[in-house]
Each structure stands twice: as structure tokens, then as C-alpha cells.
Asker: 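Pasting in a structure now, in C-alpha cells, and then I'll have a few things to ask.
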Amino acid sequence: MTNREVAAVLDNIADILQMKNDNPFKVRAYRKAAGTVYHLEVDLNILHRQQRLGEIPGVGTGVKGIIEELLTTEECHYYSELLAEYPPGVFDLLALPGIGHATVKIIYDQLGIDNLHDLLQAALDKKIRALPGLGAKTEYTIKKGIEMLQKNAGKSTLGLALPMAELFREYLQSLDGVEMAAVTGSIRRCKPLVSDIDLLIAARDFEATRERARNYRYIKTVKLEENDHLQGLLDYNLEFEVILVKPEDFYPRLVWTTGSKAHRQVLAQAFGFDPDHHPALHSEAEVYQNMNLPFIPPELRENTGEVEAATQNSLPVLVEVKDIQGDLHVHSDWSDGACKIVDIANHARKLGYSYIAITDHSQSLSISGGLNRERLQAQARVIDELNASCKDFRILKGIEVDILRDGSLDFEDDILKELDIIVASIHSHFKLNRDEQTARIIRAMENKYVNIIGHLTGRLLNRRSGYEVDVEKILAAAAQNNVALEINSHPDRLDVDENIVRRACACGVKLAINSDAHDLNELANVSYGAAVARRGWAQKSDVLNTMDLKNFTQNLSNRR
DNA sequence: GCCGTTTTCGGCCCGACTGTTTTCAGTCG
């Protein structure tokens with residue numbers, strides 16, 4: 001079992017205990033252990049072999065026993081017993097915004113409902129409002145929540161699908177007889193939510209290759225198998241499709257399968273592109289060249305003007321991950337991050353950065369260990385010491401300061417002015433109306449110490465729609481106050497989205513591709529943020545943290 | 001269930017809002 005699978009079981013145990021009204025501190029213990037295991041740098045199996053599971057903070061004798069059982073038998077008796085009381089389907093109900101454990105317990109105990117389909121029917125039949133303690137508003141919340149989930153039904157985040165696709169691609173590439181293998185489709189275009197994993201492989205003997213491909217260890221079921229196709233389901237219920245082509249057809253097919261339907265249609269209708277009838281072509285660039293077009297990056301192949309731009313030779317030179325010189329939104333163990341500042345800094349250097357901003361939460365976010373004035377000053381002293389010992393890398397003193405309900409900030413200016421960089425974010429009052437929310441953010445931007453607005457809309461993919469804001473007004477204020485908008489790279493956020501990125505670039509508003517990392521692994525998530533930037537046609541010069549340290553710090557001081 | 005340089009028992013992080021009610025439990029970050 002992987003760390004994440006173990007973490008999921010511990011989290012599910014916490015969910016059931018919570019529904020059973022068990023000791024809240026016990027629930028918290030499981031929850032905390034789940035979080036620690038999820039963010040762990042080392043594979044649990046290795047720690048187990050070294051008999052070091054007990055060294056994990058928050059893992060005592062009880063949880064340690066469960067982890068050991070899961071690692072050795074893939075099962076856990078205690079968990080099975082709990083599942084007998086509340087079946088796994090009830091976890092799906094917890095995904096509904098505004099519906100928590102107590103409500104799910106009432107619904108399951110009274111109506112026996114353990115899946116979203118039956119819950120929707122009960123809500124439509126007005127059965128929810130009849131339950132004790134629940135009313136028409138909860139019924140409405142349920143209907144709206146299910147509606148939101150259904151809109152993205154069956155879609156996975158890029159953060160889940162892309163690594164799975166890449167693993168599968170590596171496997172296919174390693175097979176005898178496979179000359180080339182590529183991830184294609186919407187994953188290659190880096191859409192934030194994707195419905196399946198598409199892979200293209202070049203081989204001569206289709207039958208033998210299919211035979212080998214279907215032995216991939218993460219395939220759960222094969223649903224369809226024919227000459228040049230293999231289709232089915234991977235772990236995590238990810239749909240996959242493997243398309244087999246002759247090597248000479250590989251690049252035309254790669255172009256054909258990567259582009260959105262609209263992009264393909266334009267190529268076919270306006271340029272006569274036919275992936276089945278073409279001269280010998282040895283790269284995607286040659287495929288486009290054959291249509292008298294320059295190479296169009298996969299992220300742009302959505303028919304949102306890229307073909308016209310290509311025709312006029314005016315495609316943007318898109319920003320790349322390697323252009324990023326530093327990360328401007330990272331949490332340490334001073335608030336809710338898992339790692340020490342020194343470890344974050346060392347890891348950032350390995351990633352090739354020349355600076356990193358430590359931006360822990362501010363005091364009002366007490367649940368996340370938000371820093372008060374004294375702790376912030378103590379942290380600054382630690383950072384000063386670390387900076388004193390190295391010349392080629394800089395740790396910037398920052399804060400992710402809460403934007404309060406009225407748009408004021410969670411710290412006074414006399415504290416903010418002592419810091420190098422301020423990311424201002426909303427973590428409360430999501431339900432303000434569009435005008436109030438917009439005015440609130442603009443007021444925050446007008447504070448001269450604020451450099452970046454963090455995760456502007458607060459959306460969580462597949463979980464929560466963003467709050468309403470007037471994007472054009474925000475962009476105007478951002479331009480006027482020289483405040484950057486963050487592209488939050490967490491795969492569950494990817495906020496702002498590509499549409500706002502494109503408008504920001506048009507308005508001259510700078511972007512900051514930040515990880516919002518809470519552990520070392522998450523620092524690498526900037527690749528997802530960079531993908532959003534590219535889908536929004538952003539160039540290197542549009543992105544604040546592509547500047548080198550000297551220019552970047554100069555830019556910061558200009559703002560004040 | 002976890003933890004401990006005051007502790008092996010008795011703490012463990014909280015504050016605001018919302019919905020269902022008429023004073024408080026549930027949800028969220």
C-alpha cells in the first residue's frame with residue numbers, strides 16, 4: 001500500500017468515528033495521523049522494514065498497529081468493523097459542501113441512504129426536510145451540491161491523472177516492439193479536469209503489443225479490446241484508452257489526438273489535415289510545417305485563436321517551468337506546513353531556485369496555526385540567521401495575510417512593512433455577494449504592502465465553486481496598484497484559471513506561479529501552475545517570479 | 001488515540017457563521 005492509500009484509510013476511520021460521535025480527540029488523532037502520513041517524504045514500507053513507524057509524529061501504538069496491518073495484509077480489521085456500521089458510500093455524501101458528519105449520520109440512520117443518487121432522489125421527494133434537525137435549506141444545499149458534483153462527473157484532477165498517465169506511458173515505452181509512446185488528449189493539453197487518460201503508441205505488431213499492454217499492473221478492468229484500441233479502467237477509477245498506430249503515423253496521430261475537437265476541425269477544414277493520408281513526417285513540428293504553420297504548443301490547441309495566431313506567425317512564446325526563479329507562497333511548520341524552513345530552502349535550491357518566500361498563515365487563521373506578531377518576529381530572526389549563512393540564495397520573509405471581511409488585513413502596516421513580501425488571501429466569508437467580495441479584495445490590493453493576491457476565487461476543483469468576483473474590476477485595480485495575481489499551483493485549486501490569466505496578460509497585470517506547498521513534494525506542483533499560465537497564453541515577462549533575485553527585489557521595493 | 005524536561009493522567013486549537021430553532025448544534029477553514 002502507498003502512503004496516500006494508508007492516509008485515506010486513516011481519514012475514513014476518522015470520518016466514521018466522527019459519525020459515531022466518538023471522542024473528538026480520538027477523531028482528531030486519526031485525522032492528524034492521516035495528514036502526517038499523506039505529507040510524509042519517506043515510503044511507509046521502508047519505515048516499516050526499518051521498524052521506524054513509531055517515529056512518525058502522531059503515530060502511537062494504536063495507529064502504528066493499523067498501519068502495520070495495512071502494509072502487510074492490505075486490510076485492517078478495525079476498519080472493516082467500522083465499515084460494517086457505515087458503508088464506504090457514505091464518504092461520497094461528505095463531499096457535499098455544507099454537509100458534515102452529523103447530517104450524513106441523520107440521513108443514513110433515518111433513511112438508510114449511502115449514495116448520492118438515492119440522496120438526490122430523497123431531496124427531490126422532499127424527504128430531507130422531514131428529518132429531525134434538518135430543513136428545506138439543507139435539502140437545497142444537497143441538491144446544489146450534487147448538481148456541482150455532477151457537472152464534473154467522472155472527471156479527475158490533472159494532479160491525479162497526469163502522474164498516472166506518465167507511469168502508464170513509461171510502462172508502455174518499455175515494452176518490446178513499442179517504438180514510441182506518448183500521453184495525449186486533454187491531459188497533454190493540461191486541462192485542470194480530465195475525463196480519461198489517452199495514450200498513443202507506435203508499434204508494428206498490434207496484437208502482441210496489446211497483449212503486453214494489458215498486463216499493466218494498475219489496470220483494473222479491460223472494457224474494450226480491438227485491433228488498434230485498448231480501453232478500460234485503471235486504479236482510482238481512471239478511464240484509459242491506448243491507441244496503437246504504425247510508427248509512420250505516430251506524429252500526425254499525436255497532433256490529431258492531442259487537439260480539442262474544435263482545433264482538429266479547423267486543421268481538417270481550413271488546412272486539409274488528414275491523419276490517415278500524409279507524407280512521411282518525423283515530428284509534430286513537421287506535421288504543422290506541412291500545413292505551413294509553426295508548431296503550436298499542446299496547451300494552446302483549444303481553438304481559442306491559436307490557429308489564427310499561428311497563421312500570422314504571432315503565437316506567444318509561452319512561459320516554461322524552468323523560467324521560474326523562486327516560489328512566493330510556501331508554508332512551513334511554523335503554521336500548517338509539514339517542514340522546517342531550512343529544509344524547504346535546501347529543497348528549493350535543488351529545484352534551481354534563487355529565492356523562496358516563507359508565507360505562513362496570519363493570526364486570525366488560528367486553526368492553521370496562524371502566526372501572531374511575536375511568532376512572526378521570532379520566525380524573521382530564524383530566517384535572518386539562515387540567510388546570513390548563504391550568499392547565492394535568499395529566503396524572503398513573508399506572510400499569507402488574511403483579508404478580513406471588510407477588506408482590511410489581519411496585520412497592521414507596521415508589521416507588514418518589516419516583511420519582504422505579502423500574499424493576501426481570503427479564508428473566510430465566502431458567501432459575500434459579488435460586489436462586496438470584489439470591494440473587499442480591491443481594498444486589500446490598495447494596501448501598499450500587498451504584492452500578490454493568493455488564490456483569487458477560492459475554488460476547489462470537484463469540491464467547491466469559487467466565490468463570485470468581478471474579474472474586470474479586480475484586474476483594473478491590480479493594474480493600478482501594481483499587485484500580482486497568484487496562479488495557485490495546487491492541483492485542487494489552479495486558481496486563477498486560464499481565462500483570468502489571459503485577461504490579466506492583456507491588462508498588463510503580473511502573475512505569480514506559486515506552489516502554496518505544505519510539504520517538500522508539493523513544491524514541484526508549480527508545473528501545474530505553469531501549465532495554467534501556458535493555457536492562458538502567458539509569456540515569461542508576464543510572470544513575476546521569473547525575475548532573477550536582484551530584479552525581483554527591486555520590483556518589490558518599487559511598490560512601496 | 002497521542003503525548004510528556006511541570007505530567008503516565010489529563011489535556012488536546014478556535015471563532016464566525018448558518019440553519020433550525022427560539023438557544024444551540026453543525027460546518028468550515
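Note that these values count all heavy atoms, side chains included, but never hydrogens, waters or copies made by symmetry.
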Asker: Classify the side-chain pair A:Q437/A:H429 by whether it contains a donor and acceptor separated by less than 3.5 Å.
Answerer: no

Asker: Between A:K431 and A:S428, which residue's closest nucleotide on DNA chain B lies nearer the 5′ terminus?
Answerer: A:K431

Asker: Rounding to an integer number of angstrom, what distance separates B:dG15 and B:dT21 when you compare their P atoms?
Answerer: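 One P to the other, the span is 28 Å.
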
Asker: Taking atom P in both B:dC14 and B:dT8, compute the distance separating them and give it to the nearest angstrom.
Answerer: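 After rounding to an integer number of Å, I get 24 Å for this pair.
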
Asker: For the side chain of A:K137, counting heavy atoms from C-beta on, which of B:dA16, B:dT18, B:dT20 is nearest?
Answerer: B:dT20

Asker: Would you say the side chains of A:H518 and A:D336 form a donor-acceptor pair under 3.5 Å?
Answerer: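 A:D336 and A:H518 do have a side-chain donor-acceptor pair below 3.5 Å.
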
Asker: For a quick check, with a 4.0 angstrom heavy-atom cut-off, what is the B/S/- contact string for nucleotides 3-8 of chain B, read 5' to 3'?
Answerer: S-----

Asker: In whole Å, I'd like the distance from the CG atom of A:L371 to the C1' atom of B:dC13.
Answerer: 14 Å

Asker: Checking the side chain of A:T73 only, and the main-chain atoms of A:E69 only, is there a donor and an acceptor separated by less than 3.5 Å?
Answerer: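 Checked: pair present.
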
Asker: Quickly work out the A:L365 CG to B:dA16 P distance and round it to whole Å.
Answerer: 13 Å

Asker: Is A:R405 touching bases, backbone alone, or none of the nucleic acid, heavy atoms closer than 4.0 Å?
Answerer: sugar-phosphate

Asker: Show me the protein contacts with nucleotides 21-25 of chain B, counting only N or O atoms at under 3.5 Å.
Answerer:
none

Asker: On a whole-Å scale, what distance lies between the C1' atoms belonging to B:dT7 and B:dC12?
Answerer: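 That atom pair is separated by 14 Å.
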
Asker: Among B:dT18, B:dC14, B:dG1, which is the nearest nucleotide to the side chain of A:S366?
Answerer: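 Nearest to the side-chain atoms of A:S366, counting from C-beta on, is B:dC14.
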
Asker: What is the separation between atom NE2 on A:H361 and atom P on B:dC14, rounded to the nearest whole Å?
Answerer: 17 Å

Asker: Roughly, in whole Å, what's the span from CZ in A:R459 to C1' in B:dC28?
Answerer: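 A:R459 atom CZ is separated from B:dC28 atom C1' by 20 Å.
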
Asker: Going by atom types only, do A:H101 and A:D15 share a side-chain donor-acceptor pair under 3.5 Å?
Answerer: yes

Asker: What integer distance in Å separates A:D22:CG from B:dC2:C1'?
Answerer: 14 Å

Asker: Between B:dC13 and B:dC2, how many Å separate the two C1' atoms, rounded to a whole number?
Answerer: 15 Å

Asker: Report the nucleotide, chosen from B:dT20, B:dG1, B:dC14, that has the shortest atom-to-atom distance to any side-chain atom of A:I367.
Answerer: B:dC14

Asker: Flag yes if more than 12 heavy atoms outside A:E41 fall under 6.0 Å of its CD atom; otherwise flag no.
Answerer: yes

Asker: Using a 3.5 Å distance criterion without hydrogens, assess whether the side chain of A:D327 forms a donor-acceptor pair with backbone atoms of A:S515.
Answerer: yes

Asker: What interatomic distance, in whole Å, is found between P of B:dT20 and the corresponding atom of B:dA16?
Answerer: 22 Å

Asker: Assess the residue pair A:D125 and A:Q121 against the criterion (side chain to side chain donor-acceptor pair (under 3.5 Å)); give the C-alpha distance rounded to whole Å, side-chain angles, the decisive distance to 0.1 Å, and a yes or no.
Answerer: CA-CA 6 Å; A:D125 294 343; A:Q121 195 54 53; 3.2 Å; yes

Asker: Counting distance only, does the side-chain N/O of A:N3 pair as donor-acceptor with the main-chain N or O of A:L44 below 3.5 Å?
Answerer: yes

Asker: Starting at atom CD1 of A:I106, determine the distance to atom P of B:dT20, rounded to an integer number of angstrom.
Answerer: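 To the nearest whole Å, that distance equals 11 Å.
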
Asker: Distance check needed: B:dC14 P versus A:Q363 CD, whole Å only.
Answerer: 15 Å

Asker: Report which part of the nucleic acid A:A14 touches: base, sugar-phosphate, or nothing (heavy-atom distance under 4.0 Å, all strands).
Answerer: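 Since no nucleic acid heavy atom lies under 4.0 Å of A:A14, the category is nothing.
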
Asker: Just compare B:dT27, B:dC2, B:dC17 and give me whichever is closest to any side-chain atom of A:T103.
Answerer: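 The listed nucleotide nearest to A:T103's side chain is B:dT27.
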
Asker: Can you tell me which nucleotide in B:dC13, B:dT18, B:dC17 comes closest to the side chain of A:R28?
Answerer: B:dC13

Asker: With no hydrogens and no angle check, do the side chains of A:N488 and A:Y528 hold a donor and an acceptor under 3.5 Å apart?
Answerer: no

Asker: Quick one: closest heavy-atom pair of A:V450 and A:V483, and the distance?
Answerer: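 Nearest pair, atom of A:V450 first, then A:V483: O-CG2, 3.6 Å.
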
Asker: Applying the Watson-Crick and G-U wobble criteria at under 3.5 Å, what pairs with B:dT8? Answer none if nothing qualifies.
Answerer: none

Asker: Just call it for A:P24: base, sugar-phosphate, or nothing, with non-hydrogen atoms closer than 4.0 Å on any strand.
Answerer: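 No contact.
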
Asker: Expressed as a whole number of angstroms, how long is the span from A:F25:CZ to B:dC14:P?
Answerer: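 About 9 Å, once rounded to whole Å.
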
Asker: According to the interplanar angle, ranging from 0 to 90°, do the rings of A:H427 and A:H361 count as parallel (below 30°), tilted (30 to 60°) or perpendicular (above 60°)?
Answerer: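 A:H427 vs A:H361 ring planes: perpendicular.
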
Asker: Give one of base, sugar-phosphate or nothing for A:T138, where a contact means two heavy atoms less than 4.0 Å apart.
Answerer: sugar-phosphate

